[in-house]
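What follows is a set of notes on a single structure, which appears directly below.
The first residue of the sequence shown is numbered 1, and numbering continues consecutively from there. Just follow the structure's listing: the first ligand is 1, and inside any ligand the first atom is 1. Worth saying up front: this structure is predicted, and the values here are computed from it rather than measured.
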Amino acid sequence: MHIERVELITVRMPLVHPFTTSFSTQTERRPLLVRITASRDGQTVTGWGECVALFDPSYSPEYLDGAREMLRRFLVPSLLEWQAAGRTVTAETVAAATAHVVGHRMAKAALEMAVLDAGLRLDDRRFADYLGVTRAVVPSGVSVGIESSIPDLLAQVGGFLDEGYARIKLKIQPGWDVEPVRAVREKFGDVPLQVDANTAYRLSDAPLLRRLDPFDLLLIEQPLAEDDLRQHALLAQQIATPVCLDESIVSVEAAADAIAMGAASVINIKPGRVGGYLAARRIHDLAEANGIAVWCGGMLETGIGRAANIALAGLPGFTLPGDVSGSNRFYAQDVTEPVVMKDGVVAIPDGPGFGVEPLADVLADVTIDAVDIAAHRS
Ligand code: OSB
Ligand code: MG
């Protein structure tokens, strides 16, 4: 394909309810969308990507303004230079075209994602078909933040269970762990339940974390620090709850190390965190070959990222429900037609590419910044 133009569109979206984790309280999200105009054989299409970096560098080193600057100053120019040198531009070549930039995987993932969507649209092909996914729907789980009281938490969880969500994930931190889990088990019984600590504990907390053993949780996500695979392996030997990694899995290599060390028996795959959907697919394949379950994580995506995640979650190794909830779990108004959760599942979109695009009037309303980069005609 020939890239004509790349736009970096920052949008502002209020959350329907504050989302508190061990690292922050969010009341709004500012996703960065990447719009690519690309052509081939006289046909011109628009491809969309979404950068999952949060506003602050609190979940990962990347953050909104840094990712936008990285794309504007380094990644997009590198891809355009690659193109000007006569090299092929496809989703499969974006990583090579930007390989001289160290790190910044979320920014790279957003660019690769937009190229992937554009390329699939030029081929009139669905992302799910590209992946070889044959399922039409995937189970939908929901991530529930830290609330100010147990009754508030039970009201939230009760609402999501009434809606039909297939699995509940509770955010935990020291002081908000055994009691909320016990309260949810006592009130709602044997529902599929897991917890996410976002690195809030230390290995010396193993005796405390062992108190979660009797609650038969599906998993505990990222209890310890991002860069401490070895201590996760030690913790896994001291608790019965399966250990799942999120923050630690920044690449295919990190996934291979974690599996080899016994640091994780489950992996949360977030395409943005690992550098894109192609790396995400490779981690899925690696995990499947090693008998490690995976599920699709979320980063409060708009309908764009949500649509792509839902297709990815259709791969056979995704044996646990993902954080792929309906748009209304976070947003009163999504930028796309809303993703709808019904009967515990969300449907893989039908159109070419990721099958969704922003609604022009909504996009205009929520856009707070736009950077426009034109390619030189060769
Ligand atoms: O740890 O999975 C996480 C949101 C932002 C940053 C990190 C995480 C999360 C979530 C929300 O848990 C998942 C979602 O988008 O539904
Ligand atoms: Mg997590």
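With hydrogens and angles disregarded, no donor-acceptor distance shorter than 3.5 Å links the side chain of Asp152 to the backbone of Glu147. A donor-acceptor pair under 3.5 Å is formed between the side chain of Ser22 and the backbone N or O of Ala197. Listed for the Ser327 side chain is a donor-acceptor partner under 3.5 Å among the backbone atoms of Val339. In terms of modelled atom types and a separation under 3.5 Å, the side chain of Ser39 and the main chain of Gly42 share no donor-acceptor contact.
Between Asp196 and ligand 1, an N or O atom pair is found at a separation short of 3.5 Å. Taking any N or O of Asn198, backbone or side chain, at least one lies under 3.5 Å from an N or O belonging to ligand 1. Polar contact with ligand 1: absent for Leu54 (N/O pair, distance under 3.5 Å). Ligand 1 has no N or O atom lying under 3.5 Å from any N or O atom of Glu247, backbone or side chain. On a distance-only criterion, Leu300 and ligand 1 share at least one N/O pair closer than 3.5 Å. Where the criterion is an N or O separation shorter than 3.5 Å, residue side chain and backbone included, Lys171 meets it with respect to ligand 1.
We find that Asp123 and Arg40 are joined by a salt bridge, their nearest charged nitrogen and carboxylate oxygen being less than 4.0 Å apart. Taking the charged nitrogens against the carboxylate oxygens, Glu62 and Arg105 have no contact shorter than 4.0 Å, which rules out a salt bridge. A salt bridge links Glu357 and Arg121; the closest N-O separation between the charged side-chain nitrogens and carboxylate oxygens is under 4.0 Å. Residues Arg306 and Asp323 are not paired through a salt bridge, judged by the lack of any N-O separation under 4.0 Å between the basic side chain and the carboxylate. A salt bridge is defined here as a Lys NZ or Arg NE, NH1 or NH2 lying under 4.0 Å from an Asp or Glu carboxylate O, and Asp285 with Arg282 fails to meet this definition.
The proximity of Arg329 to ligand 1, defined as any non-hydrogen pair under 4.0 Å, does not occur for either the backbone or the side chain. Contacts between Val324 and ligand 1, counted as non-hydrogen atom pairs separated by less than 4.0 Å, are absent for every part of the residue. Residue Thr21 does not touch ligand 1, judged by heavy-atom distances below 4.0 Å.
The contact set between ligand 1 and Asp246, taken as ligand atoms under 4.0 Å from a residue heavy atom, comprises 1 (O), 2 (O), 3 (C). Against a heavy-atom cut-off of under 4.0 Å, Phe19 is close to the following atoms of ligand 1: 4 (C), 10 (C), 11 (C), 12 (O). For ligand 1, the atoms lying closer than 4.0 Å to a non-hydrogen atom of Lys169 are 2 (O), 3 (C), 12 (O).
Taking the six-membered ring where tryptophan is involved, the planes of Tyr277 and Phe354 are tilted, since the angle between them lies from 30° to 60°.
In this structure, Lys270 counts as a contact residue of ligand 1, since one of its heavy atoms falls inside 4.0 Å of the ligand.
Considering just the N/O/S atoms of Glu221, the one nearest the Mg ion (ligand 2) carries the name OE2. As for Asp246, its N/O/S atom nearest the Mg ion (ligand 2) is the one called OD2. Of all N/O/S atoms in Asp196, OD2 sits nearest the Mg ion (ligand 2).
Looking at Glu4 and Thr44, their side chains never bring a donor and an acceptor atom within 3.5 Å of each other.
Distance check for Glu247 against the Mg ion (ligand 2): none of its N/O/S atoms falls below 2.8 Å.
Of the protein's non-hydrogen atoms, the one nearest atom 9 (C) of ligand 1 is Gly298 O, 3.7 Å.
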